[in-house]
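See below for the structure under consideration.
For ligands, and for the atoms within them, numbers begin at 1 and follow the listed sequence.
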Amino acid sequence: MPQIANRLTTFEPSTIVEIANRVNDMKKNGEDVVNFSIGIPNFTPPAHVYEAARQSLKDDMSVKYLPSRGIPELLDAWTARLGKDGFDYTTDEVCVSLGGKNALFNLFLAFLEDGGEAIFPAPFWSSYTGMIKFVGGNSKIIRCGADQDYKLRPEQLEEAITDKTRVFLFNNPNNPTGMVYTEEEVAALGDVLVKHPDIWILSDDIYDKLIYDGEKFHHLLHTHPELKDRTFIMQSVSKAYGMPGWRVGMTAGPKEIITKLTKVAGQSFMNVPGVAQVAASAAFGGSHEFLKEVKSSFVHKRDLVMDALEEIPGIVCPFPHGAFYAFPDVSAYFGGVYNGTTIDNSETLCKLLLEETKVGTVPGSAFGEPNALRISYACSEKQLKVGMERIAKFFSQIEGGLQKTA
Ligand code: PLP
């Protein structure tokens, strides 16, 4: 047998994608499954995005290779958008990538090797650890439970930093918890980071436009502009603009490194397809009025989920002000029995929820928090109501649960 490279055998598949595949199989078999597992926005991009994309096909710009950094129209549109959000970048400090995933992957490639550490709080977006391992880095995870609203505290960050720390990874608003850091909380983390000049800061801001209840987006570069020469902002059109399949992500950071990243792009995928870049330019550059409706719909759905969770004894769910996820701590039910099966962790619990009550959720272990499960509420209101009713019934039928509150 020819040999395969080690990195391929150690590559971790995404739990979320595995669950989503199982849900799809069940649907194909005619089962009535409600899917709360995957974080895909359930709305389409605004009309001006499609118009720009159609026009670009008429002009057929994609008969040539395009610049790896990104087409000028997109770089202009995104830097202008960054400007409106309080960040000062020029087009030679930004580049495009194949979605946010590829942006992160390239940043990990740039900064991690030989066991170099990336530190970040758990709960975290599940793909981080797999990507870090793939490039030869180590994940150092700082657990932040429901008792601290799943938020990283400055003293925890300080304690986690060692000589091996190469990267600090920060995702706000957070997937899977929906938590949004306050200005004071961001500033306190910034106070720690300024003391450690050898650490790169990767800021995954992919949910920055999905913040509710009058809360605001606060960034390390707003509270500590002096961190700019080692901070990278990562963005994407996947979430707020409803364009996950268009695969456009953006990175902003120090000019020299961004130029190196464009070379990685040039030697791997060459360029993001022109039609997708034009559509992304329209998304970043066009009116953001549509977001009002998107946000009010998400608030309504979030409230539906939170009201339903509140009725279930023993469940603790820090209130999510951003993204489209709720992340309840369900550990009070560990040790309980559902239909003859003992629930020893969130994986068993999610499996039972899916197989027995036909609701797809993701176990918290996929995000580094084994006590919880993730509910994505980016689905129809009807599905949400049906799914939450099933969840409530499921918990009411667990025998001998409520270990912590008993
Ligand atoms: N970062 C976070 C926190 C995410 O939740 C996701 C997608 O779910 C990504 C990055 C990657 O997004 P994409 O590759 O679709 O742009």
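The two residues M179 and D149 make their nearest non-hydrogen contact at CG-O, 3.2 Å. Contact between L66 and M270 at its shortest, heavy atoms only, is O-CE, 3.6 Å. For the residue pair V237 and A283, the shortest heavy atom distance occurs at CG1-CB, 4.5 Å.
Here F120 and F168 keep their ring centres 6.0 angstrom or further from each other. A centroid separation of less than 6.0 Å is found between the aromatic rings of Y333 and F395. The distance between the ring centers of F324 and Y207 falls below 6.0 angstrom.
The protein heavy-atom contact nearest to atom 3 (C) of ligand 1 is D204 OD2, 3.3 Å. Among protein heavy atoms, atom 8 (O) of ligand 1 sits closest to K239 NZ, 2.8 Å.
Against a heavy-atom cut-off of under 4.0 Å, N175 is close to the following atoms of ligand 1: 3 (C), 4 (C), 5 (O). Within ligand 1, the atoms closer than 4.0 Å to a non-hydrogen atom of K101 are 11 (C), 13 (P), 14 (O), numbered from 1 in the order shown. Below 4.0 Å from some heavy atom of R247 lie the following atoms of ligand 1, by number and element: 13 (P), 14 (O), 15 (O), 16 (O).
Cation-pi geometry between K295 and F290 is not satisfied (NZ or CZ under 6.0 Å from the ring centre, within 45° of the ring normal).
Among F324, W125, Y128, the residue whose heavy atom sits closest to atom 11 (C) of ligand 1 is W125. Considering G39, G100, S97 only, the shortest heavy-atom separation from atom 16 (O) of ligand 1 involves G100. Within the set I206, N174, N171, the minimum heavy-atom distance to atom 12 (O) of ligand 1 is found for I206.
Considering backbone and side-chain atoms alike, G99 places every N or O at 3.5 Å or more from each N or O of ligand 1. Considering backbone and side-chain N/O of Y207, one or more are found under 3.5 Å from N/O of ligand 1. Considering backbone and side-chain N/O atoms, S236 comes within less than 3.5 Å of an N/O atom of ligand 1.
Between V192 and E155, the closest side-chain pair of non-hydrogen atoms is not below 4.5 Å.
Contacts with ligand 1 closer than 4.0 Å are made by side-chain heavy atoms of S238 only, the backbone lying farther away.
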